[in-house]
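The next block holds one structure in the form of structure tokens; read it before the comments.
Each chain gets a letter, A, B and so on, in the order its sequence line appears, and its residues count up from 1.
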Amino acid sequence: MTLRLFNTLTGQLDEIVPSDGKALRMYACGPTVYDYGHIGNFRTFLQVDVLRRYLKLTGMRMLHVMNITDVDDKIIRNASAAGVPIGDYTPRYVDAFFEDLDSLRVERPEQVARATEHIAQMVSLIQKLAEAGAAYKTDDGSWYFRLKAFPEYGKLSKKDLSGMEDGARVDVDEYEKDSARDFALWKAAKPGETAWDTPIGRGRPGWHIECSAMAMEYLGESFDLHAGGEDLMFPHHENEIAQSETVTHKPLARHWMHVRFLLVDGRKMSKSEGNFYTLRDLLLKGYKASAIRLALISVPYRHQLNFTFDGLTEATNAIDRLRTFHQRVTKGSFPAGSNPALQAAAGKARTEYMAALANDLNTAEARAPIFDLIRTANTAIDQGQFLAGDRDAILAVLADFDAVFDVLEDRDDEPTRRALAWAEQSGRMAEVAPELLARQSLTDEAIDALVAERTLAKRQRNFARADQIRNELAEKGIVLEDAKDGVRWKRK
RNA sequence: GCACCGGUGGCGAAGUGGCUAACGCGCAGGUCUGCAAAACCUGUAUUCGCGGGUUCAACCCCCGCCCGGUGCUCCA
């Protein structure tokens, strides 16, 4: 089913199809690596992940490029505060970023592009802009984009800047921009700052130019889809369009997708508000990576998501239900045959699921038929009407669900252990929730041993001892389930 | 100030001009169980911020108001 996705440029739902008939060429703005990523960053990356996973599920191939901004003012500021060159400062955060993406099971783009490795392409683009009369150099050696050279400026964010002329501009000061709204393409080197010697002078790139240069390098002058957080719409994406289209006279991207910001406890997340969380903060509080993933993708990307700890608990419990059912179907043994009612229910669930996602990636709506199917199938199992031939039909629907949501398999231990190791190594153990330490204090083997002891005690009808073991485990966040075919346990 | 988005049950959150207002979580009762857990069943909004209007019919369309959020500057 063809995805209909809201296009910021046209203001309507447009179909997503590869213009070359082969792979969807997509550019998504990546991180600026000056610190650890926060959950707001990851909501955007997760929603882009939902997009690409859904498209792949429909059989589309992807050519997805993501930039890494590894030179900018904040990086220079932080690196200089740390007393190291930026080349020594950023790798740690690049690594951390990819580690966090792994924790959240965000797929890697086909191509990752670092700003510092594409200086030549940026310089070349600035030269072309200069030839076109759209770029000019100021006396300090910086280059600016002349906004007047691009009359369509504002078409993405629907801003009409025509009324915002600078008024009486006194004679052009050679040290200043022609117009207040002109933006930097290239910043002249200041003493001690990282800089490149190039044909247009010694300096470093402005922020916007990297995306134009790298997008065109890997995707061509015009490509299918450009995505990013809503804040990037203006001025970043608007500037990208201006820089690129002034040179190519072609639309940079046909389709623009913007992910809305999240709120935390109903307010904008900010360090000064005290509601600022990195992924690592949450893992150290004991929340599972899968729950964070589900919480951040369950509200459709165009809606404001209010992030709360209650919401994470909700997601944790929802995942529990999904996984319990998945295990039940996978491991259970059922009578031969197949149940037409269940087959039909599976088919209906899959159709509704795919249709919901095709409708502007409505993840909230897409969950509903999956949970409906779970209830139907659970009822059938309880009544002995779930037959062996139904297993594959149900599992196939779950597989499609998981192709996008990716929370069914319990892979939560690794991110948590990684976060703990990081906390230890960076002296943050004080931030670790005691419950988490308790939960991680027992190895799988130790738990299995206790469970075996309890099973024996139960067989001997020594329920006091059996309950004692169960309570001990419960205190450490281990929950037991006595099923017909044995005991299951899980870390809460 | 200008612009945009949203206000649906205890919480989160879909949704449509007319069918019982999805789904998840939570809570209460029941079935099952040594007791639990899991699972299932039943109940949890006669009602969709407030006031008008259009319509045979509005939560969904229009107008006004109130509240919350966001953008207009670096920001995912």
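Nucleic acid contact for A/Val259: none, since no nucleic acid atom lies under 4.0 Å from a heavy atom of the residue. Using a 4.0 Å heavy-atom criterion, one finds that A/Asn317 contacts the sugar-phosphate atoms exclusively.
Taking a pair as Watson-Crick or G-U wobble with both distances under 3.5 Å, the runs of three or more consecutive pairs in RNA chain B are B:1-7 with B:66-72, B:10-12 with B:23-25, B:26-31 with B:39-44, B:49-53 with B:61-65.
Separation of the A/His236 and A/Phe183 ring centroids does not fall under the 6.0 Å cut-off.
Put simply, A/Phe261 rests on the base of B/rA76: the two rings are less than 5.5 Å apart at their centres and nearly parallel, under 30°.
Relative to the ring axis of A/Phe405, A/Arg293 does not place its NZ or CZ within 45° and under 6.0 Å from the centre.
At a cut-off of 3.5 angstrom, counting only N and O atoms as typed in the model, there is a donor on one side and an acceptor on the other between the side-chain of A/Glu314 and the base of B/rG24. The base of B/rC35 sits within donor-acceptor range of the side chain of A/Arg470, with an N or O pair under 3.5 Å.
Taking atom C1' in both B/rA13 and B/rC25, the straight-line distance is 11 Å, to the nearest Å.
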Nucleotide N/O of nucleotides 27-31 of chain B paired with protein N/O under 3.5 Å:
none

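For A/His38, no side-chain nitrogen or oxygen approaches OP1 or OP2 of B/rC75 to under 4.0 Å.
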Next on the checklist: The test is salt bridge (Lys or Arg N to Asp or Glu O under 4.0 Å); show your working for A/Asp412 and A/Lys490 and say whether it passes.
Outcome noted: CA-CA 11 Å; A/Asp412 289 318; A/Lys490 59 196 175 197; over 6 Å; no

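Salt bridge status for A/Asp95 with A/Arg92: absent, with no side-chain N to carboxylate O gap under 4.0 Å.
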